[in-house]
Amino acid sequence: MNACKVNTAENTELKNLFRACGFQTLLADMVATAKTEETQYHLVDTIEKFYEFLNLLVAQRIFAIDLETTSTNPLIARIVGISFSWQAREAYYIPLMVPEGTACLSADIVLSNIRAVLEDKNIKKIGQNIKYDLLVFRRNNILLQGIVFDTMIASYLLNPEKRNHNLDDIAFEYLSYKTIATSEVIGSGKEQITMDQADVAKVCKYACQDADISFRLADVMEPRLKEGALSELLQDIEIPLLYVLAEMEWNGIGLNTHLLHEMSDTLTAKLQQIEKEIYASAGYEFNISSPRQLSEVLFEKLELPRLRRTKTGLSTDANVLTTLAWQHALPKLVLEYRQLMKLKNTYVDALPGMVNPNTGRIHTSFNQTVTATGRLSSSEPNLQNIPIRTEIGRQIRRAFIPSGNDTMFLSADYSQIELRILAHFSEDEALMTAFHQDKDIHSSVAAAIYGVPIENVTSEMRRNAKAVDFGIVYGLSEFGLSRDTGLSLEKAREFIDSYFALFQGVKRFRNKVVDQARICGYVKTLFHRKRFIPDICSEDKKRRNLSERIAVNTIIQGSAADLIKVAMNNIHTRLQEGVYGAKMLLQIHDELLFEVQKDTITLTRSMVQEEMSRAVMLNVPIKVNIKTGVNWMETE
DNA sequence: GCATTCTGCAA
DNA sequence: TATTGCAGAATGC
């Protein structure tokens, strides 16, 4: 049998996988391959064929669609071709870009003829990472509608911990199908497709395969989702959300690059100054950014105490340096240097380069299939970790600006949403009461633990209580708590004990979660998002403990993620009423940032407030704080 | 060039 | 030796 080409590394990997599953069969016999399967892939490259194709297309109620493009960035990409499949092992490819000198259908004619089908919400579409296609179509003034299935999202819901949800991996997992390697068709896959590298027939084969596989996957994955009670989560939350995320990515956010350039110059001057002081303090010049060279200075030259080790040497992280700062001037200088260098390299200097030349704005990617808990992630650039905690860092937020003088930012954030969800699940009397009475939750917890009236809670008491509240959400240990509060291990243990004595509902909830996880092997969120916890019964205490923390945290963090996704969908629907003059720009886990027309700001404010608060009914109130400002710093 | 390690930013 | 992420610089292969 002629199995497809598999490189050595992949081959070994597959064999190991099969061994792990107890299979002895030869690799070649196990895997269906592109080369041994009968497929009918049609190249639609003449106007006659296109009209034939069109006749078939308009008769379909559901099909898979896939775009070949010139770039991985949908806001730059141009369409190379479009593939369709509405029957297993059969697909059509319409090239829109071909080698120079070759004839090709006009993109205008093709797009204008298929537009009605693409924009018909009653004609169902399937895709792999279809948010991408949605954005590329939008650049071509086509508003894709009727999306009912995304194989990437389906794979994510079936196993959110999987690292790759690319089509090749999913096809192998659910269809035992080994695709033609992309590299065989168009090179490394990261390069742009140029017609010198690949002729149309090859691209056709690859494009048709993707649409075909996507179509077949939907068929296989749908029952799997039903089995896992995940269909509603996909249809009611994730698929509608994909449109919202595409809209947010499309909108982008304005950046005052001039301000950032000024900040960069200031930082450069400060850094040079600190650098000089560090060299003077050390006695010689070295690379401050190199942990290895720095530890040589700190621990060999200056003979400062060696506080903590890493895998490869001595740690020089902020904790270590803060402790060492008591004994020597250098660690403090390095801390300052590191802080400024971090801000400069990661934000101040990097962000201006991410501005899209066509729109003059920053367009992040919101990834829907990355986190194990159901949260979104943001990348290129990550706009979910813009500094806020230190004054100098916070200044960076001033550079994020609304598009014009008639617009402002509006930010809306959930107040203590994770603890409210904890109160909801645990039905803890004390916690529920505190929220019903709208008490400051950390002060309230401090008052209970220290046994003082809430007005007598000191800032230190509150700080410690806050650390425990965080700890509960993350799954706490006395070590972690003592590390965070500076309390002794003994004190930290006492603190935790008294917390659980007072909040017995929380204790019961934790035990219940762990028991459930042991029994079914997974935990579920508010909207039935699942995460498997295979190590929950591990013999290894460390792994077991980690699994228990993961179990508790996933329910809380994941439910909070579900909740804000529902709110985003509902707000998006409301915004389409058209009376608001507002755009959703960013989601930062418990916060939404909007750009709003000044004259509709009151209206938008109350709508956002309403939709976020009523996204789901908990047994405690949901509180939302809303602020407006002329830049992102002013809305904090 | 690519992967790993350390570091540090956010919720 | 607290949960989830992304990214830059140094470093090693």
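Quick note on labels: first sequence line is chain A, next is B, and so on, each numbered from 1. Predicted model, so just to flag it, every value in this text is computed and none were measured.
- Between A/Glu391 and A/Arg394, at least one side-chain N (NZ, or NE/NH1/NH2) sits under 4.0 Å from a carboxylate O, which counts as a salt bridge.
- Look at A/Thr310 and you'll find a side-chain N or O under 4.0 angstrom from OP1 or OP2 of B/dC6.
- Across the protein-nucleic acid pair, A/Ile588 atom CD1 and C/dC6 atom C1' stand 15 Å apart, rounded to whole Å.
- No contact: A/Glu478 has no heavy atom under 4.0 Å from any strand.
- Within the 4.0 angstrom heavy-atom criterion, no nucleotide atom of any strand lies near A/Arg308.
- Among the nucleotides B/dG8, C/dT3, C/dT1, the one closest to any side-chain atom of A/Lys342 is B/dG8.
- Atom CG of A/Asn256 sits about 5.0 Å away from atom CD1 of A/Ile401, to the nearest 0.5 Å.
- Contact annotation: A/Thr316 side-chain N/O to B/dT7 OP1/OP2 distance is under 4.0 Å.
- Considering only side-chain atoms of A/Gln293, the nucleotide from B/dT7, B/dC9, C/dT11 that sits closest is C/dT11.
- Here A/Thr346 does not reach the OP1 or OP2 of B/dC9: none of its side-chain N or O atoms lies under 4.0 Å away.
- Closest approach to the A/Asn345 side chain among C/dA2, C/dC6, C/dA9 is made by C/dA9 (side chain taken as heavy atoms from C-beta onward).
- Residue A/Arg389 places none of its side-chain N or O atoms closer than 4.0 Å to OP1 or OP2 of B/dC9.
- Distance check: A/Thr554 OG1 to A/Lys524 NZ gives 14.5 Å after rounding to the nearest 0.5 Å.
- The residue A/Leu294 sits apart from the nucleic acid: no heavy atom pair falls under 4.0 Å.
- In this structure, A/Ile386 reaches the sugar-phosphate backbone alone: every heavy-atom distance under 4.0 Å involves primed, P, OP1 or OP2 atoms, never a base.
- Between B/dT7, B/dC9, C/dT11, one nucleotide has an atom nearer to the side chain of A/Ser290 than all others, and that is C/dT11.
- Here the nucleotide nearest the side chain of A/Ser289, chosen from C/dA9, C/dT11, C/dA7, is C/dA9.
- Here A/Asn553 lies in heavy-atom contact (under 4.0 Å) with sugar-phosphate atoms only.
- Listed nucleotides: C/dG12, C/dA2, B/dG8. Nearest to the side chain of A/Asp317: B/dG8.
- Note on A/Thr554: nothing from the nucleic acid sits closer than 4.0 angstrom, heavy atoms only.
- Taking only side-chain nitrogens and oxygens, A/Ser315 comes nearer than 4.0 Å to OP1 or OP2 of B/dT7.
- Across all strands, A/Leu476 comes closer than 4.0 Å to base atoms (heavy-atom distances).
- Note on A/Asp484: a base of the nucleic acid sits closer than 4.0 angstrom, heavy atoms only.
- Considering only the side chain of A/Arg292, C/dT11 comes nearest among C/dA2, B/dT5, C/dT11.
- Among the heavy atoms of the strands, none lies under 4.0 Å from A/Ala561.
- Using a 4.0 Å heavy-atom criterion, one finds that A/Ser482 contacts no nucleic acid atom at all.
- Within 4.0 Å of A/Ala560, counting heavy atoms only, lies no atom of the nucleic acid at all.
- Counting any heavy atom pair closer than 4.0 Å across all strands shown, A/Val552 reaches no nucleic acid atom.
- Nucleotides C/dT1 and B/dT5 are separated by 16 Å at their P atoms, to the nearest Å.
- Checking side-chain atoms of A/Thr364 against main-chain N and O of A/Ser379 turns up a donor-acceptor pair under 3.5 Å.
- The side chain of A/Pro387 lies closest to B/dC9 when the candidates are C/dT4, B/dC9, C/dA9.
- Listed nucleotides: C/dG5, C/dT3, C/dG8. Nearest to the side chain of A/Arg549: C/dT3.
- Among the protein residues, A/Gln384 comes within range of the sugar-phosphate backbone only, with heavy atoms under 4.0 Å from sugar or phosphate atoms but none that close to a base.
- Taking only distance into account, the side chain of A/Arg483 never meets the base of C/dA2 through a donor-acceptor pair shorter than 3.5 Å.
- Distances shown here put a side-chain N or O of A/Asn287 below 4.0 Å from the OP1 or OP2 atom of C/dA10.
- The side chain of A/Thr373 contributes no N or O atom lying less than 4.0 Å from OP1 or OP2 of C/dG5.
- Distance from the side chain of A/Pro291 is smallest to B/dT7 among B/dA10, B/dT7, C/dT3.
- Salt-bridge formation is not detected for the pair A/Asp562/A/Lys565: no Lys NZ or Arg NE/NH1/NH2 atom is positioned less than 4.0 Å from an Asp or Glu carboxylate oxygen.
- A salt bridge links A/Arg518 with A/Glu548: the distance from a Lys NZ or Arg NE/NH1/NH2 to an Asp or Glu carboxylate oxygen falls below 4.0 Å.
- Between A/Lys332 and A/Glu277 there is no salt bridge, since none of the side-chain N atoms of the basic residue sits less than 4.0 Å from a carboxylate O of the acidic one.
- At a threshold of 4.0 angstrom between heavy atoms, the contacts of A/Ala492 with the nucleic acid are absent.
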